[in-house]
Structures are given as structure tokens and as C-alpha cells.
Amino acid sequence: MAEVIRMPKMSDTMEEGVIASWLKKEGDEVKSGDILAEVETDKATMELESYEDGVLLHIGVKDGEAVPVDGVIAIIGSKGEDISELLKEASTAVAPVSTDDTSTDAPTSDDTAADIDVSGIKASVITMPKMSDTMEEGTIASWLKKEGDEVKSGDILAEVETDKATMELEAYEDGTLLYIGVKDGEAVPVDGIIAIVGEKGADYETLLKAHQATAATPATADVAASAPPEPVAAPATAATAPAPSPATQAPAPAQSNGRILASPLAKKMAQEKGYDLSQIQGSGDHGRIIKRDIEAFVPGTVPAATEGATTTAPITLPTVVGEESFEEVNVSQMRKTIAKRLSESKFTSPHFYLTMEVNMDNCMEARKSINEVAPVKISFNDIIIKACATALRQHPKVNASWLGDRIRYNNHIHIGVAVAVDEGLLVPVIRFTDNKTLSHISTEVKDLAGKAKNKELQPSDWEGNTFTISNLGMFGIEEFTAIINPPDACILAVGGIKQTAVVKDGELVPGNVMKVTMSCDHRVVDGAVGSAFLQTLKQLLEDPVRILA
């Protein structure tokens, strides 16, 4: 489904952003993490990142145009997807925020921001920016700076986990990190105080008090006029500060586990220009390469290594050439029906699951003996079907259906057997299963499976099931859960028989074990009822003579 990309509020004072340049064009494939465009805010030039995989179906703003916060920038979705409705909804303009409110109803206590003089405090409060359209809070994954550290514009202060990704919180001011208000792992609502950066020794406590008072009382035009706008931190930016002098540059690009640290924009610029990142010195935090480093780099001027320093040879990976391709086919009516029925079942029936191990040693011996005299070959699936029918006769509450305002307990036993076909899954029904012999069941299952694969089943062949069995043991599946097949209240998922070590008479001996998992509709079947049924089924399969009684 297509997603509308809106202009995020990248700073506390931001009201609109200008698209400096698009790095993608309509029709391009994009992935989560790709940089779509550069956005100029009131504080810096920043990167607009995609959170979705898909195709850039629509660009609503040209290079150089301004977009208000929450204004539509683009739409990402599947190739060929109809976005006409989204465009209609997106055309509704975001109502401007009125700044003419001169209400005098705000509290006038000593704790209001208007009563606190912060004009002489050379420090700025850093608040949690809104890094995505749906973000309500962010969690400080880790601080990369500590109180008392010197920071520069462009330094990464911390890593922030949002509802969509982990992003870098960047400083806009030079100064000292005077105050950290949130510990590692703690969440902060959007616009909540994170830290304060300013001149060493600045009275940040008064600034903090003023900011808290502002957040606690309605803002007025006078307050906005008396205090300078507060810079905040934001995701990794394409900073516009001048390049540092060679004397202050890091001796070599920083590496983390062999990976060169560089911003996504810097990597893209280096790739476009054909630069080797290993030859570029980073001026960002921990030697991180940022936009200004790419712009200042002159090919062929690789600085000499510092005496005594060791250099790590860059790893050269081979170029892998491939072609992305896919095929889309129309959904068949059978697949549409399967999707509709099972989606309704999964999201309307409260499923719970019961799993039990069955020792199949005796069953394997019994099957061998039965096949010596049976007119047709009996499979383990045939024995399981017969055992389920016998167990259902003893536990009629499992042989039931949910009808909304009543529960139907079926006196007859019709077992559906899931059969895989090319276009999906069909469930032909063995009627009055408990009254049929193993040979009868085996013959009927083979006949119905053949009809299913040849598309010869009639509605009467797949209607009326009261219980369903899905067996994937023949495919090597040891254990799985199945979605209830309406109108049944239960479905049994049967895994393969596996030889393993079992405890018998206090000794560890080889044994053959099969796992079965029953999915139950909790509106009809409770845990105790389902467990009792499985216990009976286990007894019948571990002593198959009971099935024939």
C-alpha cells in the first residue's frame, strides 16, 4: 500500500522546509534508508530519508520550493499502484498555526517564562525533534558525549531510536555539553528536553527552568519576541560550516570494525565523484566523514600518516553484477477464496495452540501388519484420520462450530483433509469418517486427492467438514501450526515421524516420535477440552488396536 511522505518537523522552531535538491526521481526504486532529498530548514541542510521500500510514484515539490511542516512531499508505493485517492486526500492544505493569539489568560506566577530573564545566558536547550511523520517519542539508545565535553556544530551527540529507525542526534552549536536530561535507554516525547549546550559556566539551570515554564503554559507573542529561538538537534545533516584547517583535521578516517564512518550523503557524494573514502579525512564526531569533507577533498593529496600510526589497508570487494527482476500474475479465484476465508478465520477466531508428542513405534508395527492383509495400502495419514474420528466421538465438544450467538455441536463426523494443488489448497471431506474402515478411508482419500489435482471436485466434495487435518510430515516438516478452516472449531497440524532418543522403562532408547499441534477457536473449545482430546488421540495412536475396536 502506498505511503504519503510528509515534511517532518526537523527542529523545534521549524515551520517549513525547502527542498534543496532531489536525489531520486519519479519512477526510481527506493529502499528503507535511502536519501530522497536534501531539505533546508531554519537551522541547517538535512537529509530526508525513506522509511519504505518501493517505487517513488509521485514528487509533489520541485527543487527550491518550500513545504510547510506536514505538507505532502512525495508518495512511495508499488509500481503501477493507483494513487489518485491519496493525491486527493493529500491536496487538503495543512491549516496554518495562528500567531495572532493575544489572550491574556496565561498564568502570571513567578514560574512563568515571561518572569525569567534568560537574555544573558549563552546556552541553548536541545529538545527531541520530530524525526518522522508518525513519531511521538524517541529513546536515547546511547550518548556519544558526556557532560562537560566540548562539542562543535556537526558533532553527533547521541543515537536516537524512533518508531522507524535509529538516527543520529547532531549538535547545531559550538560549546560545552552543560546538561544531559535523559539517560541511556530512556524515552523522551517530541519537544522534550534532552540536553543543554552553551558557554562553559553558563547558568543553564535558569534556562532549564524557563523552558519548563514555557512548556507548562500557553505560549504568547510577547514570550516569543523576548527570547531567541532555541536551536535543537536533528538527524545527521549536511552541515554548511567551512572546512576545518589541515591542522585540526583528524589524521585518518575513523573506522569501526573495518567500516569507514561516513554520513549517507557523504557516501553518495563520494561515489558520484569517484572518491575513495579511505583517503578522506573526517572532521565530524570521532572522525566521521561528512558533506564538507567531500567538498574540500582534492584527489591526489593524501596526507602523510602520523609517525608511529598504523594504517589498515582498505578491503576491496569484487563487483557483483546482477539483474533484478520479478513476475506478477493475477490472483486466481481459488487463491482469492483461500485468502478471504483464512484471513477471516485468523483475525476473527481467537486461536490458541496445543502441542503433543506421540510415540509412533507401535503404530509403525501395526501399519506393517495391516498392509499385509488390507486390499489397499494404508498410510500413516489414513490411521491418523481414523484415530481423530474415534477421538471426536469421545469428545463431541471439539466437533463443533461457532455460529455467533450459538454453538453447534455436530453429532456426525465429517473430517476435511487438506490437499496441496498447484494453485493453492483444497480440503475435500471424508463423510461419516468414524463409520468407515481404514481401507475405505484410504481409497476415498486417494480418489478425492486425484480429483482435487485434476480440478474435478464438486461442491459436495469440499463442504460440510466438522474437523480438519493438515499433514506436512511427508515434506519433512517436524512441527507447525495451522489456521482454523471455517466452520470448524479446530484443525490438527501433523508433523513428520522422527527417530530420536526416548526414555522407556527408565532407559534411553531409540524411538519414533511424531508431533501434533491442534489450533483451537477459544470461543468454542477451552484448553482442558482440547487437551483431553489430544490425550485420547495419543492413546489411540500409541495403541492402534483401539482404533479397530
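W143 places a side-chain N or O within donor-acceptor distance of the main-chain N or O of V182, the cut-off being under 3.5 Å. Between the D521 side chain and the R523 main chain, a donor and an acceptor come within less than 3.5 Å of each other. Side-chain atoms of S345 never come within 3.5 Å of backbone atoms of R341 as a donor-acceptor pair (strictly under, hydrogens ignored). Under the 3.5 Å distance criterion, the side-chain polar atoms of D34 are left unmatched by any main-chain donor or acceptor of E49. With hydrogens and angles ignored, the 3.5 Å screen pairs no side-chain donor or acceptor of Q279 with any backbone N or O of D276. No side-chain donor-acceptor contact under 3.5 Å links E272 to the backbone of M269. Using modelled atom types, one side-chain atom of E26 and one backbone atom of I59 make a donor-acceptor pair closer than 3.5 Å.
Other residues, nucleotides and ligands contribute at most 12 non-hydrogen atoms within 6.0 Å of the CD atom of E328. A 6.0 Å sphere centred on CD of Q271 holds no more than 12 heavy atoms belonging to other residues, nucleotides or ligands. Around CD of E478, the count of heavy atoms belonging to other residues, nucleotides or ligands within 6.0 Å does not exceed 12.
At least one side-chain heavy atom of V197 sits less than 4.5 Å from a side-chain heavy atom of I126.
Under the 30°/60° scheme for interplanar angles, the aromatic rings of F297 and Y275 are found to stand perpendicular.
When each of E150, E199, K145 is checked for a side chain to side chain donor-acceptor pair (under 3.5 Å) with T176, only E150 meets the rule. The one candidate from I76, L87, I73, V72 that meets the side-chain contact (heavy atoms from CB on, under 4.5 Å) condition with V4 is V72.
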